[in-house]
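One structure is given here, and the rest of the page talks about it.
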Number of protein chains: 2
Amino acid sequence: MALTDRQSTSLLAIDPKLPMAPQIYGNIRQSILNLRLAPKQALSEKELALMLGVSRTPVREALIKLAEDGLVDIFPQRGTFVAPIRVSEVLEAQFIREALEVSVVARVAELSDPAISARLRESLARQKRAADNGDLDGFLAEDENFHFILSVSVNLTRAWKVIQNVKGQLDRVRVLSLPEPGHLTELYEQHMAIVTAIESGNAKVAKKHMAKHLQQVFRTIDSLLAKRPEIFD
Amino acid sequence: MALTDRQSTSLLAIDPKLPMAPQIYGNIRQSILNLRLAPKQALSEKELALMLGVSRTPVREALIKLAEDGLVDIFPQRGTFVAPIRVSEVLEAQFIREALEVSVVARVAELSDPAISARLRESLARQKRAADNGDLDGFLAEDENFHFILSVSVNLTRAWKVIQNVKGQLDRVRVLSLPEPGHLTELYEQHMAIVTAIESGNAKVAKKHMAKHLQQVFRTIDSLLAKRPEIFD
DNA sequence: TCAAATACACTACCATGGTAATATGTCAAC
DNA sequence: GTTGACATATTACCATGGTAGTGTATTTGA
């Protein structure tokens, strides 16, 4: 199927005043993560440039960055394709994220700064509201923000960037996990446990809760391998 | 000082048959890490392209990647500069590397695969030879290889890439640490302790030795801040 | 002498054209 | 029907020209 056959409204939200390459990167990345661009689908510089109303150069730069994220595969002189979901890479992304976030949360717990705790509590309140309303998108956004607060509050912005990069592999799996009832509340309670451990200054417990929290993906991978085999490898 | 005033022999090693952007990236990166390109020095697409005998496009792509590594600062419409050594970023790079490598070595220890152990022992032998001969470059290369073996032996290639990226910040500091006598032997013995822990299947001890090993940088940072303030911030 | 305005040089950024390598479709030979 | 060769189309890659934005030097006004 040709790219231009698809509806592409969100792909057109480009502000010509801002640098285009990062915008294009974010745009295509989002489309890959929510699977509007399906795994294994061909992407071409020329066609994307046409769709987005820009030249091929910034598109090319965006695709290179996506290739570093492992979200597209570039085969020189052959073509560029949305990367299939490779279980091994998803598992490795989980490993990297867990290693980093567990270390981050330990540092946060050791600091035990009331100001940080306050920000986390505010995030928790917003999460609860979203969970109660069944607002999936709102909850996911606040979930992202929760983890962002942890890294940035202890001045680990680059660690956050790394987490963000590898998290792409995980997000693509997560959107496929059907939003089961009570799932959001479950995640909220895990976050709550982490914050409680942080506030008690217990780094060891905080690490344990964080690790368990992040290992949730394992469950969704198993169910997906059975349900949607075509998007893998 | 203009770029072209500098001797630039190693910058010219470009194979026109291979993709140029990655070659240029590696070339400039090496020059930054060994400080032949000094911190805060201006880099221009045009001048670099001229020196390397290529066009500006692949140079630009290389600089963008170096900016992601935090090794150059790009100021749109103003210029691109070799990034100064920012202590905060060096410390964060250490944090990220430690988090990842500690987790990696734990996984290696839990596996306790004799084949991996054999590869590590071979590397140790080469390290000892280099240390005894005072072969600094040889030792550093084998040191790199040692850590590479750890990650790849448990199929964590992306983790290795991340480590590599952030390690740039650390390498630039390390080349400045004068090669003190006995220093290489000290590093060798730390590696040895890690391998011994791995072979005994003791993940906890392996993690501890790895953490201590990687925290060596802290010592060099302190002495450097006093000796070479001009290359910082 | 000094301050504000102006001209200039330089930058990264984007657009676009050319090129070698690869995939695909067509057709002939067996 | 199958296989091989050839023509064509498409690709990512690199080269190069144009543009808006930014610092700096120079000039202009007092």
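Below, read A as the first sequence line, B as the second, and so on, with proteins coming before strands; counting in each chain starts at 1. Only a predicted model underlies this, so the values are computations on that prediction, with no experimental measurement involved. Heavy atoms only: backbone and side chains are in, while hydrogens, waters and symmetry mates are out.
Between A:Thr57 and A:Thr80, the residue anchored closer to the 5' end of DNA chain D is A:Thr80, taking for each the nucleotide with the nearest heavy atom. Between A:Lys17 and A:Leu63, it is A:Leu63 whose nearest contact on DNA chain D lies nearer the 5' terminus.
For C:dC14, neither phosphate oxygen OP1 nor OP2 lies less than 4.0 angstrom from any side-chain nitrogen or oxygen of A:Arg56. In terms of phosphate contacts, A:Arg60 brings a side-chain nitrogen or oxygen within less than 4.0 Å of OP1 or OP2 of D:dC14.
A donor-acceptor contact under 3.5 Å is formed by the side chain of A:Gln77 with the base of D:dA12.
Between atom CG of residue A:Leu120 and atom CZ of residue A:Phe146 there is a gap of 5.5 Å, rounded to the nearest 0.5 Å. Expressed to the nearest 0.5 Å, how far CH2 of B:Trp160 lies from CD1 of B:Ile149 amounts to 9.5 Å.
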Run the numbers on A:Gln215 and A:Glu98 for side chain to side chain donor-acceptor pair (under 3.5 Å), then give the verdict.
CA-CA 8 Å; A:Gln215 284 165 6; A:Glu98 181 178 325; 3.1 Å; yes
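The distance from atom CD of A:Glu45 to atom C1' of D:dT10 is 12 Å, rounded to the nearest whole Å. Note: CD (A:Gln41) to P (D:dT11) measures 13 Å, nearest angstrom. For the pair B:Glu61 CD and D:dC13 P, the interatomic distance rounds to 8 Å; values are reported in whole Å. Per the geometry, CG belonging to A:Leu18 stands 10 Å off P belonging to C:dC14, to the nearest Å. When the P atom of D:dT11 is taken as reference, atom CD of A:Glu47 falls 7 Å away, rounded to whole Å. Atom CE in A:Met20 sits about 16 Å away from atom P in D:dT19, given to the nearest Å. If you take CG of B:Asp15 and P of D:dC14, they are 12 Å apart, rounded to a whole angstrom. In this structure, CG of B:Leu52 is placed 13 Å from P of D:dC14, rounded to the nearest angstrom.
Among the atoms of the strands shown, none is found under 4.0 Å from any heavy atom of B:Ala49.
With respect to the salt-bridge test (charged N to carboxylate O, under 4.0 angstrom), the residues B:Glu45 and B:Arg60 qualify.
Residues from residues 65-74 of chain B that place a heavy atom under 4.0 Å from any atom of DNA chain D: there are none.
Taking every side-chain heavy atom of B:Arg78 into account, D:dG23 is the closest of D:dG17, D:dG23, C:dA23.
Nearest approach of B:Leu150 to B:Met210, heavy atoms of both residues: CD1-CE, 3.6 Å. Listed here is the closest heavy atom pair of A:Ile85 and A:Leu176: CD1-CD1, 4.3 Å.
Note: B:His147 and B:His213 have parallel aromatic rings, judged against thresholds of 30 and 60 degrees for the angle between ring planes.
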